[in-house]
Trainee: 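Provided herewith is a single structure, encoded as structure tokens, for subsequent inquiry.
Below, read A as the first sequence line, B as the second, and so on, with proteins coming before strands; counting in each chain starts at 1.
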Number of protein chains: 2
Amino acid sequence: MIDIRQMRYFVAVAETLHFGRAAERLHISQPPLSRQIAALERELGVHLFEREQRRASLTPAGRRFLEDARAVLMSFDQACRNARLAERGEIGELSIGFMMHAAYTSLPALARRFMAGHPEVHVELREVVPGALADAVLSGRFDAAIMFNPGPIKGLETRIIHRERMCLALHPSHPLAKRTTISAKQLKGQPLIATPTEAAPMLREAIVQYCRSGGFEPTIRLEVELQQTIVSLVAENLGIALVPESMGKLGIDNLVQRDLQAAPAIEHVIAWRPGNLNPALRPFLDEARAVQPIQPSSRNQTR
Amino acid sequence: MIDIRQMRYFVAVAETLHFGRAAERLHISQPPLSRQIAALERELGVHLFEREQRRASLTPAGRRFLEDARAVLMSFDQACRNARLAERGEIGELSIGFMMHAAYTSLPALARRFMAGHPEVHVELREVVPGALADAVLSGRFDAAIMFNPGPIKGLETRIIHRERMCLALHPSHPLAKRTTISAKQLKGQPLIATPTEAAPMLREAIVQYCRSGGFEPTIRLEVELQQTIVSLVAENLGIALVPESMGKLGIDNLVQRDLQAAPAIEHVIAWRPGNLNPALRPFLDEARAVQPIQPSSRNQTR
DNA sequence: CGATCATGATACCGAAAAGGTATGAACTGG
DNA sequence: CCAGTTCATACCTTTTCGGTATCATGATCG
């Protein structure tokens, strides 16, 4: 009968694609590992690895099984942890990743509500650059994360919890600061400050798209990872930036914000891995429902 | 080390609360089972059962573990099945439960779209009385179901896919048939035909609520399980009924529908068990997103 | 109240399975 | 063609599992 150990062995081999190193990682010797994998393939009736010429690789069925096996192992381990935590009355620990923008918008209310309602849960909040959040949730590093809406990602469930418009941040002395509303065309030729694609892909994409709607490719003069740095640089008059409106809450001197015509909106979502058995996750997501953005669906839903 | 077999044993004992019968179900004798459970408790460091005087019962931690263990076992078995299916190129089988109302509204488009995009998936569609759907999904009988919105249910994720108003169905000769719009008050004293609470709790609830808003308790003269029967009986002039507007699509003779003032709306949701590893489920849910009801959230979401 | 029954735990044994070492087979690369 | 790498096989030892027999405890009933 197939058991969880064989799954662990399989994942180790699938991740290293090397029986020797996988065995090392599992603290067993190589021959038993080979035998267990062979037994697993025999019992499943499925070829998981392609063994051609000293190089192991996954078959399509193996890739499928790797995905599932990872999820099963995480659930399995979490189930054991849950039992121990439940025994001690600590219903759980919850680790939430978020990007800086959330710290000024949806996160504070959400965290406050949840922690008030669940005092026995230890909550870990950790700020990370937006681009790293999806992977961190998938790998189990975080139980949930607040990030820009990345569209559908395999293995992630998301729900929109905040939506805000972008605006233009600039130095008070900047010529464009005289206007109340600025159109995309007027940005042509202006030196922009923005995050690199890796740090916040969706935000960067929104900025580029908006510029294209004005008929030009944006000139990104400076790339910096942190949003705080972007606005400080704008306040130093080193360029202008398209930022979410909530950045105004930073209260930075020598910085003004102006409306954009047909301003692009950017959505914050809460993302989690379905199948995550952390008992504290579900109530947290339920709280997140309550802080949903201004959109009729949240009024109409009875849930 | 804890393994999947011990989890299976635990679930069997937890479900029967009887070591002897659990052992029988597992096709082993009782002593090894006792030993495995004891080992599991020792390795977890958690008391799962309260053994007092010939009666085994679950501790709170045991209940928690039972829930998780069931989910883990389902995922585990599905992972093995997935591997076999993937090997054969049949990416999957998907079984969908639905209530009769969905057959005239959201289901046809959804099923057609999904099957067109996933010809290799074998889809099983099965009609069931609405009240049985939630349990059928939780038990794994169906991968997903289309039902009336039951509000939050532990272990179920739901998404609204259809919303329609209720209307009044009556025989053309009925006095109320002369009016175009009927208020709740005017229904007072009228003999209603409706489903019993067990068959369609949410529908029944909506009807009762609407009558109360008219200041009276409804008189349900006839209770029948099937919606088709309800409208036939109305066509036989045995009473009137509050039914979803889409029932008109049945095209029944001697039946007319009239608008209700402040008509209650009833929502259809698609429900599934998060953690269900069936590879065909995710694409099906994605298709379901596309047939979301007339509500801004579906227009605004980029996903 | 004592005999009997029901139920889970313990003791002990043989069988199955897991892991370890040594070694073989197949391929690579100089 | 030989050394090196990498996975598979052979064989042995240890562990673990399930089975039978039996015990301890509390319930049930005449």
Trainee: When you check the phosphate oxygens OP1 and OP2 of D/dC7, does a side-chain N or O of A/Ser34 lie under 4.0 Å from one of them?
Mentor: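 Negative; the distance criterion is not met.
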Trainee: Which of these, A/Met202, A/Arg159, A/Met147, sits in a side chain to side chain contact (heavy atoms under 4.5 Å, CB included) with A/Val269?
Mentor: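 When side chain to side chain contact (heavy atoms under 4.5 Å, CB included) is applied between A/Val269 and each of A/Met202, A/Arg159, A/Met147, only A/Met147 qualifies.
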Trainee: Check the phosphate of D/dC17 against B/Arg5, side-chain N and O only, distance under 4.0 Å to OP1 or OP2. Yes or no?
Mentor: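 For D/dC17, OP1/OP2 do have a side-chain N/O of B/Arg5 under 4.0 Å.
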Trainee: Take atom CD of B/Glu41 and atom P of C/dG8, then tell me their distance rounded to the nearest Å.
Mentor: 13 Å
Trainee: Give a yes or no on whether the ring-centroid distance for B/Phe49 and B/Phe10 is below 6.0 angstrom.
Mentor: yes
Trainee: Does one side chain, of A/His101 or A/Gln227, offer a donor that lies under 3.5 Å from an acceptor on the other?
Mentor: yes
Trainee: Report yes if a side-chain nitrogen or oxygen of B/His18 is closer than 4.0 Å to either non-bridging phosphate oxygen (OP1 or OP2) of C/dG8; otherwise report no.
Mentor: yes
Trainee: Hey, which sits more toward the 5' end of DNA chain C by its nearest nucleotide, B/Arg35 or B/Phe19?
Mentor: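 This one resolves to B/Phe19.
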Trainee: What nucleotide, of D/dG18, D/dT20, C/dG20, holds the atom closest to the side chain of B/Pro31?
Mentor: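 Comparing D/dG18, D/dT20, C/dG20 against the side chain of B/Pro31, the answer is D/dT20.
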Trainee: Between B/Arg25 and B/Glu15, does any side-chain N to carboxylate O distance fall below 4.0 Å?
Mentor: yes
Trainee: Whole-Å distance between C/dA18 P and A/Met1 CE?
Mentor: 13 Å
Trainee: Any side-chain N or O of A/Gln30 under 4.0 Å from OP1/OP2 of D/dT6?
Mentor: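 False: A/Gln30 side-chain N/O out of range (4.0 Å or more) of D/dT6 OP1/OP2.
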Trainee: Rounding to an integer number of Å, can you tell me how far B/His27 NE2 sits from D/dG19 C1'?
Mentor: 16 Å
Trainee: Examine D/dC17: is either OP1 or OP2 under 4.0 Å from a nitrogen or oxygen in the side chain of B/Tyr9? Give yes or no.
Mentor: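 Indeed not, no polar side-chain atom of B/Tyr9 lies that close.
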Trainee: Check the distance between C/dA18's C1' and A/Leu33's CG and give it to me in whole angstrom.
Mentor: 13 Å
Trainee: I need the CD1-C1' distance between B/Ile28 and D/dT16, as an integer number of Å.
Mentor: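 Distance, rounded to whole Å: 13 Å.
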Trainee: Nearest whole Å is fine: how far is D/dC17 P from B/Leu26 CG?
Mentor: 14 Å
Trainee: Hey, is the main chain of A/Leu44 close enough, under 3.5 Å, to the side chain of B/Arg84 for a donor-acceptor pair?
Mentor: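 Flag set: sc B/Arg84 to bb A/Leu44 pair under 3.5 Å.
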Trainee: Starting at atom CG of B/Asp3, determine the distance to atom C1' of D/dG18, rounded to an integer number of angstrom.
Mentor: 14 Å
Trainee: Does A/Ser29 make a side-chain N or O approach to OP1 or OP2 of C/dG19 shorter than 4.0 Å?
Mentor: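 So the side-chain polar atoms of A/Ser29 never come under 4.0 Å of the phosphate oxygens OP1 or OP2 of C/dG19.
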Trainee: Rounded to whole Å, please give me the gap between CZ in A/Arg8 and P in C/dA18.
Mentor: 15 Å
Trainee: Describe the nucleic acid contact of A/Phe49 in one word from base, sugar-phosphate, nothing, applying a heavy-atom distance below 4.0 Å.
Mentor: nothing
